[in-house]
Amino acid sequence: MILKERTKSINHRILESLNCRMNLSFNEKLQYKNQIKGFEGEKQFDHYMKDSLINGLVINDLILNTQDTQYQIDSLLITADHIYLYEVKNYSGSYHYKEGSLFSKSGHILQSHLAQADRKKAYLYNLLLKYGYQTAISSYVIYINPNFYVYSLPPDPAIIFAGQLPDHFTQFGGKTPIANDRNIAIAEKLVNLHDSKYRPSNLPEYEFDQLEKGILCPECFSFDYTASRQLRTCSQCGHQEKTTEAIHRSIEEFRLLFPDSRLTKQLIYRWCGSTWSKSRIQDVLSNNYHTHFAGRGTYYS
Ligand SMILES: [Zn+2]
């Protein structure tokens, strides 16, 4: 049972929007590409899990805080008596193992993913202990890309390659009890502890005036469209959407980029490209947000 579905991370969504609305530097573009690649890998992992019909509670993309450390867990499987923590990596190409490290062809050392997963396991263990749950946790690193290969890697049960995943998940099928009061309580506690307000600290710098305005197609990210009374149709891919929904979606994108800005009709009018009528924008704002009346300074939240 999936208790928390996977969605694009905040980092991913912000970079996706900025990539359409400003010129990202080479490194920022690389950061965006890595987000896309990572997300694709995680979705692959989800497919394997789904196909295996496992019994257990699944929480994806969990962001937790332990004192001043924030960490993200790609996937957690909570069974009746054990928690499985998965760190999913979408690396491709061949690497070489030597004395505990992975080396790329160019001779660079990869950060130790096992150590990364182990650290998260320790944080999670201590966090649960704080709430009175002492639970065995195992952590795994999943190399999800079938085109990833490591020469001379000694076998390690904590490392799982794509082809080994179905076998790994077999143990959770059939007779394993799905849930009891205790593991449901643990899962609910963790979902409640998820930090939904988390904002990454390594975002590009951007300002409202510098960004290209308009509503983006959710499928192909084009600004071009034709409009009828009720529908917005993308000129590039033909995707159709109710105009009010397109405006609402764009307001949510604005809120993602500018969480501290007040939503006003004038600002959203400009944000949506200054082409949609202000009365329509006002309708979307008042139908979906809380109105704060302040004369000409009316705003929404
Ligand atoms: Zn489109």
Side-chain angles (χ1 to χ4, degrees), residues 1-13 38-90 113-144 157-160 162 164-200:
M1 196 195 324
I2 298 177
L3 296 184
K4 187 175 171 300
E5 293 280 355
R6 192 177 305 288
T7 52
K8 288 175 187 169
S9 68
I10 289 185
N11 211 339
H12 186 159
R13 286 188 288 140
F39 184 59
E40 279 168 1
E42 288 159 12
K43 282 195 296 185
Q44 277 299 115
F45 175 78
D46 294 346
H47 276 301
Y48 277 107
M49 216 185 216
K50 215 172 159 190
D51 287 349
S52 310
L53 304 170
I54 49 163
N55 283 334
L57 306 170
V58 178
I59 304 176
N60 294 314
D61 301 325
L62 188 61
I63 299 175
L64 296 171
N65 295 302
T66 298
Q67 285 159 1
D68 49 2
T69 309
Q70 273 175 326
Y71 53 101
Q72 173 169 339
I73 296 173
D74 293 335
S75 225
L76 268 190
L77 170 63
I78 305 175
T79 66
D81 57 357
H82 206 102
I83 295 182
Y84 301 84
L85 181 156
Y86 298 102
E87 177 81 20
V88 182
K89 298 291 178 196
N90 193 5
H113 302 141
L114 278 176
Q116 203 181 356
D118 255 1
R119 247 193 328 269
K120 292 179 185 180
K121 177 174 92 173
Y123 287 140
L124 180 66
Y125 185 84
N126 291 339
L127 184 71
L128 287 174
L129 207 55
K130 190 174 131 188
Y131 291 100
Y133 300 108
Q134 192 173 20
T135 300
I137 305 175
S138 305
S139 56
Y140 296 92
V141 175
I142 312 294
Y143 290 111
I144 197 70
I159 295 179
I160 301 177
Q164 299 170 310
L165 262 183
D167 264 359
H168 170 76
F169 284 136
T170 309
Q171 60 178 309
F172 306 118
K175 284 177 286 178
T176 322
I178 300 178
N180 53 30
D181 289 350
R182 186 171 180 273
N183 75 348
I184 290 176
I186 289 177
E188 280 174 353
K189 182 83 216 166
L190 290 174
V191 170
N192 285 334
L193 287 171
H194 171 68
D195 183 359
S196 57
K197 292 216 163 62
Y198 165 77
R199 279 183 85 79

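Quick caveat, the model's predicted, so the values are computed rather than measured. Every heavy atom of this structure was used, including side-chain atoms; hydrogens, water molecules and symmetry mates were not.
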Interatomic spacing from [atom1] in [X] to [atom2] in [Y] - rounded to 0.5 Å:
{"X": "Asn60", "Y": "Ile2", "atom1": "CG", "atom2": "CD1", "answer": "6.0 Å"}
{"X": "Lys121", "Y": "Ile137", "atom1": "NZ", "atom2": "CD1", "answer": "8.0 Å"}
{"X": "Lys43", "Y": "Lys8", "atom1": "NZ", "atom2": "NZ", "answer": "7.5 Å"}
{"X": "Ile59", "Y": "Leu193", "atom1": "CD1", "atom2": "CG", "answer": "9.5 Å"}
{"X": "Ile186", "Y": "Leu57", "atom1": "CD1", "atom2": "CG", "answer": "9.5 Å"}
{"X": "Ile78", "Y": "Met1", "atom1": "CD1", "atom2": "CE", "answer": "11.0 Å"}

Within-4.5 Å side-chain heavy-atom neighbours: Leu190 and Leu124: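 Answer yes - side chains close enough.
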Contact check, side chains of Asn90 and Gln44, non-hydrogen atoms, under 4.5 Å: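 No - every pair of side-chain heavy atoms lies 4.5 Å or more apart.
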Taking side-chain hydrogen bond (donor to acceptor under 3.5 Å, both in side chains) as the test, write out the residues that go with [X], two or more places apart.
{"X": "Arg13", "result": "none"}
{"X": "Asp46", "result": "Arg6"}
{"X": "Arg182", "result": "Thr135"}
{"X": "Lys89", "result": "Glu87, Gln116"}

Donor-acceptor pair, [X] side chain versus [Y] backbone, under 3.5 Å?
{"X": "Lys120", "Y": "Gln72", "result": "yes"}
{"X": "Asn180", "Y": "Asn183", "result": "yes"}
{"X": "Asp61", "Y": "Thr7", "result": "yes"}
{"X": "Asn11", "Y": "Pro200", "result": "no"}

Would you please name every residue forming a side chain to side chain contact (heavy atoms under 4.5 Å, CB included) with [X], sequence neighbours left out?
{"X": "Gln164", "value": "Ile160, Phe161"}
{"X": "Asp195", "value": "Ile63, Asn65, Gln70, Lys197, Tyr198"}
{"X": "Ala162", "value": "Tyr48"}
{"X": "Asn126", "value": "none"}

Working for side chain to side chain contact (heavy atoms under 4.5 Å, CB included), residues Thr69 and Tyr123: CA-CA 9 Å; Thr69 309; Tyr123 287 140; 3.5 Å; yes
Residues Leu165, Phe45; criterion side chain to side chain contact (heavy atoms under 4.5 Å, CB included); working and verdict: CA-CA 9 Å; Leu165 262 183; Phe45 175 78; 3.8 Å; yes
[X]: ring-ring contact (aromatic ring centres under 6.0 Å, His included) partners, not counting sequence neighbours:
{"X": "Tyr131", "answer": "none"}
{"X": "Tyr84", "answer": "His82, Phe172"}
{"X": "Tyr140", "answer": "Tyr86, His168"}

Lys189: salt bridge (charged side-chain N to carboxylate O under 4.0 Å, His left out) partners, not counting sequence neighbours: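 In terms of salt bridge (charged side-chain N to carboxylate O under 4.0 Å, His left out), with neighbours along the sequence ignored, Lys189 is linked to no residue.
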Of Leu85, Ile73, Ile83, the residue whose pairing with Ser139 passes side-chain contact (heavy atoms from CB on, under 4.5 Å):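 Running side-chain contact (heavy atoms from CB on, under 4.5 Å) over Leu85, Ile73, Ile83 with Ser139 returns exactly one hit, Leu85.
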Test log, rule side chain to side chain contact (heavy atoms under 4.5 Å, CB included), inputs Arg119 and Tyr71: CA-CA 9 Å; Arg119 247 193 328 269; Tyr71 53 101; over 6 Å; no
Contact summary for Ala136 and Asp81, nearest pair of heavy atoms: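 Taking every non-hydrogen atom into account, CB-O, 4.5 Å.
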CG/Asp181: more than 12 non-hydrogen atoms of other groups inside 6.0 Å: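 Result for CG/Asp181: open.
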Criterion side chain to side chain contact (heavy atoms under 4.5 Å, CB included) on Met49 and Leu77, from CA distance to verdict: CA-CA 10 Å; Met49 216 185 216; Leu77 170 63; 4.1 Å; yes
